[in-house]
Amino acid sequence: MKHPDTAARGQDPSCGLECRPRYPCPVRDPFVMRLTQLPLTTLKETPADAEIISHQLMLRAGLVRRLSSGLFTWMPLGLRVLRRVERIVREEMNRAGALEILMPAVQPAELWQETGRWDLYGDLLLRIRDRHERDYCFAPTAEEVATEIARRELRSYRQLPVNYYQINTKFRDEIRPRFGVMRAREFVMKDAYSFHLDQASLDATYDTMADAYARIFTRLGLRFRKVDADGGEIGGSRSQEFHVLADSGEDRIAWCEGDSYAANVEMAPTAPADLPRPPATQSLARIATPGVRSIDEVAAFLQVSATQCLKTLVVEGTDGGLIALLLRGDHALNPIKAERAPGVARPLKLASPERILTVTGAPVGSLGPVTLKLPQVADHSALHLADFVCGANVADAHLTGINWERDLPLPTAFDLRNVENGDPSPGGGGALTIARGIEVGHIFQLGDKYSRSMHAVVLDQDGKERVMTMGCYGIGVSRIVGAAIEQNHDANGIVWPEPLSPFDVILIEINPKKSEAATAAANTLYNELQNAGYEVLFDDRDARPGVKFADADLVGIPHRIVVGERGVKEGKAEYRHRQSGTEEQVGLTDVLDFLRARREVPRQG
RNA sequence: CGGGGUGUAGCUCAGCUUGGUAGAGCGCUUGCUUCGGGAGCAAGAGGUCGCAGGUUCGAAUCCUGUCACCCCGACCA
């Protein structure tokens, strides 16, 4: 039997069907918005396996439940947040001229074999076999399918450019899922794929997408940065990431206010020092350093700063030999840069301690460039050292007072290290700031990597086949929910930005069984708010006030209206703003006007 | 994959060293009293102690294996 979904807001709840009193008719409201009808399970205690705050709060507030490693069920409140993110993403993608489609989440191996990714993708790809023993995968991304669609549908340059997108579940069999929905194995992603006749068209769409992304994250109420990024395996010339700023982020990004330079730390270049190297003041000496291995130990033992030490890392070379990489003691090797250094094998691989001992005769903790019989590449800042300290290539001994050119020749100079807070910006506008970010968006220019291998062509003006050039553009929809919480919470729980909150307003009635006048006032207000277009969560539970307040704070709905016997006698309700904590008494009949003044436009529908 | 850790009630955990009838707090149910920031009292429901072997008169506890989950690392359009 079908429920007539006709009960208008604010009207008699009767839907014309017989509902037994114990089971109130569920179609009374446009959504189930009464807490007596929505089994919300909040947790006072933090579940043991939740590491970061967003994961803890999502579990405590009943937004998601873990089913298995990296797999989550989105519960009613959480799903509403996810839908709000999707909605904004969808609106802005449509506005930017992209076309929504929905591709299969399960994809045939043949397509992935065409581009070679069936073999290249490795264990991250979840492979499935059907009853006919045919191979499939659960899509971690959809370049192949999008390209397949384009090569079948698009015949003429006149149809270009086209930008297809979808919002769909993806699966990546992550080695280690963690941080709740932030690095889940199954997740919701918006992915878009654009097709062009030439680079100029690709550039235009790429820029349009960059603008759309900025609009999306701005509308979501998030603090974010767009940064230059490494294209990674996906290839292509231009690539930028959008990061939500949060201390728990897995990425580090660097930017400069002075010149608007911004890049992932893995990308930001360092330059040779402007100033000449300081003059040598010490003479070379050899010191016994029994048991001293790490830079920290060396610095402590010799009473020098780590910045006076030279770090020697040994990696495998392209010719099968070893190469020494030299860094200042306090600097960190940047693997992506190191892979570009002359003679270094890709992917970067540190040499094993055993092999280093065999080849150099010295243990890992006692290496240094002086007398080292290996090709050497030095970071710019390592070459700026004077009177520095390093291993003596003999166990338990270090050299001090070393100076370039006097004690050893200058090796090849290269940019090998990560930038650090305060390093000069490549843009020349001052010092870099470094912060942690959560990658929530990534845009790429793919070029013809996929379209060429899959022969995705159109005819140009001259009737000649031209391989289309492609861009792709991703947004981690479910990850955004976690990232937003990382950025917006306090000691009492989540503090949703208005556009993301599962509800616009939470209405709390104090002691529902005590005062008929208060109950009537609360129900009237509830209906009025709904009629005005607000999505209202009505806490009509027969629970103690403290419990309701605590739940309201935990769930984080931005605007709270409390109706109780005390206030109703004076014709008042109480308003509280979740973020600022400010409270005000508001006349029961003034609530709508009051909220209107405090909120952005009530959402449509 | 390497290293570390944990599996006992829905959740957080104790009990295990030294084997002897399964525990606490929170949550849940019922009643009474309460009621504007996570109430009090009383009475309840709820666990084949991850699973499989083994040792033993007897195993949550000891042994072996196995599975799951978590943390660190490597990895990550």
Side-chain angles (χ1 to χ4, degrees), chain A residues 39-52 55-56 59-60 62 65-71 112 115 117 120-125 139-144 146 170-180 182-185 187 189 191-193 229-236 239 241 250-251 266 335-336 347-350 439 441-446 449-450 470-476 479 491-493 508-515 518 539 541-554 560 562-568 572-574 576 581 583 585:
Chain A
L40 177 68
T41 315
T42 56
L43 304 173
K44 214 181 292 187
E45 289 176 281
T46 303
D49 55 0
E51 182 79 356
I52 59 171
H55 189 194
Q56 294 171 0
L59 292 172
R60 287 187 53 206
R65 294 290 178 233
R66 194 186 71 90
L67 181 64
S68 178
S69 178
L71 301 177
W112 286 73
T115 59
R117 289 212 294 181
L120 289 176
Y121 222 93
D123 292 335
L124 208 57
L125 191 64
T141 173
E143 281 80 10
E144 281 80 1
K170 305 291 188 301
F171 191 98
R172 288 181 196 171
D173 199 358
E174 296 280 353
I175 294 170
R176 187 147 85 88
R178 56 186 134 172
F179 303 150
M182 299 250 279
R183 194 194 258 314
R185 293 196 292 173
F187 57 98
M189 183 170 88
D191 47 327
Y193 308 87
D230 179 48
E233 286 177 32
I234 201 162
S239 171
E241 294 166 346
E250 293 187 87
D251 287 295
E266 63 189 17
I336 291 174
L348 185 74
K349 196 174 174 209
L350 284 174
E439 183 189 346
H442 202 156
I443 56 179
F444 299 86
Q445 292 197 352
L446 296 176
K449 177 171 174 178
Y450 297 91
M470 292 174 59
C472 82
Y473 320 92
I475 287 183
R479 176 180 281 188
N492 294 323
I508 295 179
E509 187 193 351
I510 300 289
N511 303 326
K513 288 188 173 166
K514 194 173 171 190
S515 161
D539 191 348
R541 293 177 300 179
D542 182 22
R544 298 175 63 82
V547 172
K548 296 182 166 200
F549 294 151
D551 276 348
D553 284 351
L554 179 59
R560 187 183 85 182
V562 176
V563 174
E565 185 178 27
R566 210 166 68 190
V568 166
K572 302 270 191 189
E574 177 195 286
R576 184 182 167 106
E583 287 185 13
Q585 295 296 119

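Letters A, B, ... mirror the listed sequences (proteins, then strands); counts begin at 1.
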Exercise for the section: Kindly say whether, by distance alone, the side chain of A/Asp551 makes a donor-acceptor pair under 3.5 Å with the base of B/G38? Expected result: yes
Exercise for the section: Could you tell me which nucleotide pairs with B/G27 by Watson-Crick or G-U wobble geometry, both distances under 3.5 Å, or answer none if nothing does? Expected result: none
Handout entry: Side chain A/Arg576 and base B/G37 donor-acceptor under 3.5 Å
Key = yes
Problem - Sugar-phosphate only, base, or nothing, as touched by A/Asp49 at under 4.0 Å among non-hydrogen atoms - result: sugar-phosphate
Exercise for the section: Tell which nucleotide pairs with B/A68, taking only Watson-Crick or G-U wobble pairs whose two distances are both under 3.5 angstrom. Expected result: B/U6
Problem - Which nucleotide in B/G37, B/U12, B/C26 has an atom nearest any side-chain atom of A/Pro47 - result: B/U12
Exercise for the section: Pick the P atom in B/C13 and in B/C71, then give their distance to the nearest Å. Expected result: 14 Å
Practice task
Answer with base, sugar-phosphate or nothing: what part of the nucleic acid does A/Arg66 contact at a heavy-atom distance below 4.0 Å?
Solution key: sugar-phosphate
Exercise for the section: Quickly work out the A/Phe179 CZ to B/C75 P distance and round it to whole Å. Expected result: 16 Å
Exercise for the section: Using a 4.0 Å heavy-atom cut-off across all strands, classify A/Thr41 as base, sugar-phosphate, or nothing. Expected result: nothing
Handout entry: Residue met sooner reading RNA chain B from 5', once A/Glu250 and A/Gly564 are mapped to nucleotides
Key = A/Gly564
Fill in the blank from the handout: Rounded to whole Å, CG of A/Asp542 lies from P of B/U30 at a distance of 11 Å
Practice task
Look through every strand shown and name the nucleotide pairing with B/C1 as Watson-Crick or G-U wobble, where both distances are under 3.5 Å.
Solution key: B/G73
Fill in the blank from the handout: Against the side chain of A/Ile175, the closest entry in B/C71, B/U12, B/C75 is B/C75
Handout entry: Shortest non-hydrogen contact between A/Ala518 and A/Gly564, atoms and distance
Key = CB-C, 4.0 Å
Exercise for the section: Ignoring backbone atoms, establish whether A/Ser69 has a side-chain N or O less than 4.0 Å from OP1 or OP2 of B/C70. Expected result: yes
Handout entry: Side chains of A/Thr46 and A/Gln56, donor plus acceptor under 3.5 Å
Key = no
Problem - Short side-chain N/O contact to B/C72 OP1/OP2 from A/Arg176, under 4.0 Å - result: yes
Exercise for the section: Determine the interatomic distance between P on B/C63 and the same-named atom on B/G73; round to the nearest Å. Expected result: 31 Å
Practice task
Tell me what A/Arg185 touches on the nucleic acid: a base, only sugar-phosphate, or nothing, going by heavy atoms under 4.0 Å.
Solution key: nothing
Handout entry: Per A/Phe549 side chain, nearest of listed nucleotides B/G27, B/C69, B/G36
Key = B/G36
Fill in the blank from the handout: When both distances are under 3.5 Å in a Watson-Crick or G-U wobble arrangement, the nucleotide paired with B/U55 is none
Handout entry: Separation of atom CZ in A/Arg178 from atom P in B/C71, rounded to whole Å
Key = 8 Å
Problem - Pairwise P distance, B/A39 and B/A22 [rounded to whole Å] - result: 34 Å
Practice task
Compare every heavy atom of A/Gly70 with every heavy atom of A/Ala184, then report the nearest pair and how far apart it is.
Solution key: CB-O, 3.5 Å
Problem - 5' priority, RNA chain B, between A/Pro545 and A/Ala50 [closest heavy atom] - result: A/Pro545
Handout entry: Salt bridge flag under 4.0 Å for residues A/Glu583 and A/Arg576
Key = yes
Exercise for the section: Please measure how far the P atom in B/C75 lies from the corresponding atom in B/U17, and state the result in whole Å. Expected result: 43 Å
Problem - Sugar-phosphate only, base, or nothing, as touched by A/Asp553 at under 4.0 Å among non-hydrogen atoms - result: base
Exercise for the section: Report yes if a donor N or O on one partner sits less than 3.5 Å from an acceptor N or O on the other, where the partners are the side chain of A/Glu45 and the base of B/G25; otherwise report no. Expected result: yes
Fill in the blank from the handout: Whole-Å distance, A/Phe187 CZ to B/C76 P, equals 15 Å
Fill in the blank from the handout: Taken to the nearest 0.5 Å, the spacing of A/Lys449 NZ from A/Met470 CE works out to 11.0 Å
Exercise for the section: Let me know the distance between CG of A/Asn511 and C1' of B/A39, rounded to the nearest Å. Expected result: 12 Å
Completion exercise
Quick note, A/Ile510 side chain, CB onward, closest among B/G36, B/C69, B/A39 is B/G36
Handout entry: B/C49 and B/U21, which share atom name P, separated by this distance in whole Å
Key = 15 Å
Handout entry: Length of the line joining A/Arg183:CZ and B/C75:C1', which is rounded to integer Å
Key = 9 Å
Compile the donor-acceptor pairs under 3.5 Å between side chains in residues 542-554 of chain A and protein atoms, sequence neighbours left out, one pair per line.
| from | atom 1 | to | atom 2 | distance (Å) |
| --- | --- | --- | --- | --- |
| A/Asp542 | OD2 | A/Lys513 | NZ | 3.4 |
| A/Lys548 | NZ | A/Glu509 | O | 2.6 |
| A/Lys548 | NZ | A/Asp539 | O | 3.0 |
| A/Lys548 | NZ | A/Arg541 | O | 2.7 |
| A/Asp551 | OD1 | A/Thr42 | OG1 | 2.8 |
| A/Asp551 | OD2 | A/Arg541 | NH1 | 3.3 |
| A/Asp551 | OD2 | A/Arg541 | NH2 | 3.0 |

Problem - Donor-acceptor pair (no angle test) under 3.5 Å: A/Arg560 side chain, B/G37 base - result: yes
Practice task
Would you indicate which nucleotide in B/G36, B/C70, B/G38 comes nearest to any side-chain atom of A/Glu574?
Solution key: B/G36
Handout entry: Atom-to-atom span, CD of A/Glu174 to P of B/G73 - whole angstrom
Key = 15 Å
Practice task
Give the rounded distance in Å between these two atoms: CG of A/Leu71 and P of B/C70.
Solution key: 10 Å
Problem - Complement of B/G38, any strand, by Watson-Crick or G-U distances under 3.5 angstrom - result: none
Problem - A/Arg544 side-chain N/O to B/A39 phosphate OP1/OP2 under 4.0 Å - result: yes
Practice task
Please check the phosphate of B/G38 (OP1 and OP2 only) for any side-chain N or O of A/Lys548 closer than 4.0 Å.
Solution key: no
Practice task
For B/G25 and B/G65, measure between their P atoms and round to the nearest Å.
Solution key: 38 Å
Practice task
Decide, yes or no, whether a salt bridge links A/Glu174 with A/Arg183 under the criterion of side-chain N to carboxylate O below 4.0 Å.
Solution key: yes
Handout entry: Pairwise C1' distance, B/U30 and B/A45 [rounded to whole Å]
Key = 10 Å
Practice task
Rounded to whole angstrom, note down the C1' distance from B/G46 over to B/G36.
Solution key: 34 Å
Fill in the blank from the handout: In short, A/Arg60 meets A/Glu45 closest at the heavy-atom pair CG-O, 3.9 Å
Handout entry: Salt bridge flag under 4.0 Å for residues A/Arg117 and A/Glu143
Key = yes
